[in-house]
Amino acid sequence: SGTYEFIKAEKRGEKGNVGLIQLNRPKALNALNDGLMKEVGEALTQFEKDDSVGCIVLTGSERAFAAGADIKQMQSQEFAGVWRGNFLSHWDQLTRANKPIIAAVNGFALGGGCEVAMMCDIIYAGENAQFGQPEITLGTIPGAGGTQRLTKAIGKSKAMEMVLTANRMSAQEAEKAGLVSKVFPVDKVVDEAIKTAEKISSFSKITVGMCKESVNAAYELSLKEGLHFEKRLFHATFATNDRKEGMTAFSEKRAPNFTDS
Ligand code: CO8
């Protein structure tokens with residue numbers, strides 16, 4: 001893992017099979033400037049390439065996951081420039097990762113911070129987490145999925161209310177609404193995310209990748225197309241050594257030894 005200005009990246013877990021990316025711009029509550037998002041992309045590329053890493057955890061500090069896109073960086077921008085440069089379009093690199101990403105969210109996850117968490121595959125929240133889309137207070141609108149992924153995650157009425165009022169949602173409400181899968185004490189959430197990531201990393205990377213791809217297809221495809229896609233991937237697992245090993249190990253009452261092949 002290289003040296004970064006705005007993030008920290010290291011391998012964690014007993015077997016070093018978890019890639020941990022920590023947003024580290026504490027004075028600005030991890031506001032997501034261009035440099036920070038570029039570094040997240042670089043760390044992600046490293047962990048995607050690293051065969052020993054099976055799952056990635058993205059976190060911030062105990063006070064803030066991220067308080068949004070960098071407002072000071074956006075303040076002086078004008079329409080023609082952001083349109084021509086397709087401003088912030090590179091953020092979606094997170095959504096193209098093959099390996100699963102768990103967001104471990106403490107404190108503020110606002111605007112782009114909430115959107116980045118929603119780009120991840122699983123969200124764990126600390127008890128102090130607060131999710132919100134306050135863009136409307138700045139005269140702008142969510143631009144990285146806040147009107148789309150949030151609506152799919154918690155439904156129209158709750159999403160509409162958050163986007164139109166800027167009201168924040170607590171960790172407990174977010175769990176109830178299905179935005180996050182589990183809530184933990186603040187000082188435990190990263191460890192719990194790493195534990196889950198270690199478990200995911202213990203399975204075949206091929207199978208993990210197929211599970212992720214297939215669940216994500218549910219967001220894009222009709223039920224009929226999605227079921228067809230799933231069935232084809234299911235059939236494809238029968239071409240892998242790891243499917244054979246998994247079923248053989250079960251029959252022989254022993255632990256499987258997956259080789260990612
Ligand atoms: N951008 C830049 N700086 C920020 C940001 C931000 N989003 N959030 C906080 N900071 C800075 C503050 O300016 C302050 O800096 P300084 O000490 O130099 O004044 C420092 O962080 C600490 O913040 P506060 O003093 O405000 O701390 P408080 O505890 O009083 O308040 C809050 C914390 C409530 C989180 C408050 O900082 C806040 O409201 N922040 C802005 C939240 C926000 O509106 N976020 C949405 C931004 S817009 C956005 O994300 C659009 C996304 C579009 C993405 C499109 C991608 C394609």
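Both ligands and their constituent atoms are indexed starting at 1 by order of listing. Just so it is clear, the structure is predicted and the values come from calculations on it, not from any experiment.
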Closest heavy-atom approach to atom 46 (C) of ligand 1 among P134, G132, P142, G145 is made by P134

Verify atom 36 (C) of ligand 1: protein non-hydrogen atom under 4.0 angstrom away
no

For Q73, state whether at least one heavy atom is located under 4.0 Å from any atom of ligand 1.
no

Considering D70, D92, L110 one by one, which has a heavy atom nearer to atom 2 (C) of ligand 1 than any of the others?
D70

Of the listed options A64, A28, G107, G68, closest to atom 10 (N) of ligand 1 (non-hydrogen atoms):
A28

Has ligand 1 got any nitrogen or oxygen that is less than 3.5 angstrom from a nitrogen or oxygen of G112?
yes

Establish whether atom 42 (C) of ligand 1 and some protein heavy atom are separated by less than 4.0 angstrom.
yes

Closer than 4.0 Å: a protein non-hydrogen atom to atom 28 (P) of ligand 1:
yes

What part of T140, side chain, backbone, both or neither, has a heavy atom within less than 4.0 angstrom of ligand 1?
neither

Under a 4.5 Å side-chain heavy-atom rule over Ile, Leu, Val, Met, Phe, Trp and Tyr, are L110 and M169 clustered together?
no

Atom indices of ligand 1 within 4.0 angstrom of R63 heavy atoms, with elements
27 (O), 28 (P), 29 (O)

For ligand 1, is R168 a contact, meaning one of its heavy atoms is under 4.0 Å away?
yes

Atom 23 (O) of ligand 1: closest protein heavy atom, distance to 0.1 Å, is L29 CD1, 3.5 Å

Criterion side chain to side chain contact (heavy atoms under 4.5 Å, CB included) against F65, the qualifying member of N106, N30, L58, I123
L58

Please report the C-alpha distance between M118 and F131 in whole Å, then the side-chain angles of each, then the deciding distance to 0.1 Å, and finally whether the side-chain contact (heavy atoms from CB on, under 4.5 Å) criterion is met.
CA-CA 10 Å; M118 291 190 292; F131 299 87; over 6 Å; no

Side chains of P100 and I122: does their closest heavy-atom pair fall under 4.5 Å?
no

For the residue pair T147 and Q133, confirm or rule out a side-chain donor-acceptor distance under 3.5 Å.
no

Nitrogen or oxygen of A67 less than 3.5 angstrom from that of ligand 1:
yes

Which of the listed options, Q130, E135, K27, R25, holds the heavy atom that is closest to atom 17 (O) of ligand 1?
K27

So, S201 and K15: side-chain donor and acceptor under 3.5 Å apart, yes or no?
no

Just which atoms of ligand 1 are under 4.0 Å from any heavy atom in E115?
52 (C), 53 (C), 54 (C)

Taking only non-hydrogen atoms of G143 and a 4.0 Å limit, the atoms of ligand 1 in range are 53 (C), 55 (C), 56 (C), 57 (C)

Where the closest heavy atom to atom 7 (N) of ligand 1 is concerned, which of P26, A66, A31, A69 has it?
A69

Which of the numbered atoms in ligand 1 are under 4.0 angstrom from any heavy atom belonging to L138?
44 (O), 47 (C), 48 (S)

Only heavy atoms of G111, strictly under 4.0 Å: list the atoms of ligand 1 that pass.
46 (C), 50 (O)

So between H90, K72, M74, whose heavy atom ends up nearest atom 14 (C) of ligand 1?
K72

Considering only protein heavy atoms, determine whether one is less than 4.0 Å from atom 25 (O) of ligand 1.
no

Going by distance only, is there an N or O of I71 that falls short of 3.5 Å from an N or O of ligand 1?
yes

Check: E173 side chain, S170 main-chain N or O, donor-acceptor pair, under 3.5 Å:
yes

Q133, portion touching ligand 1 at heavy-atom distance under 4.0 Å
neither

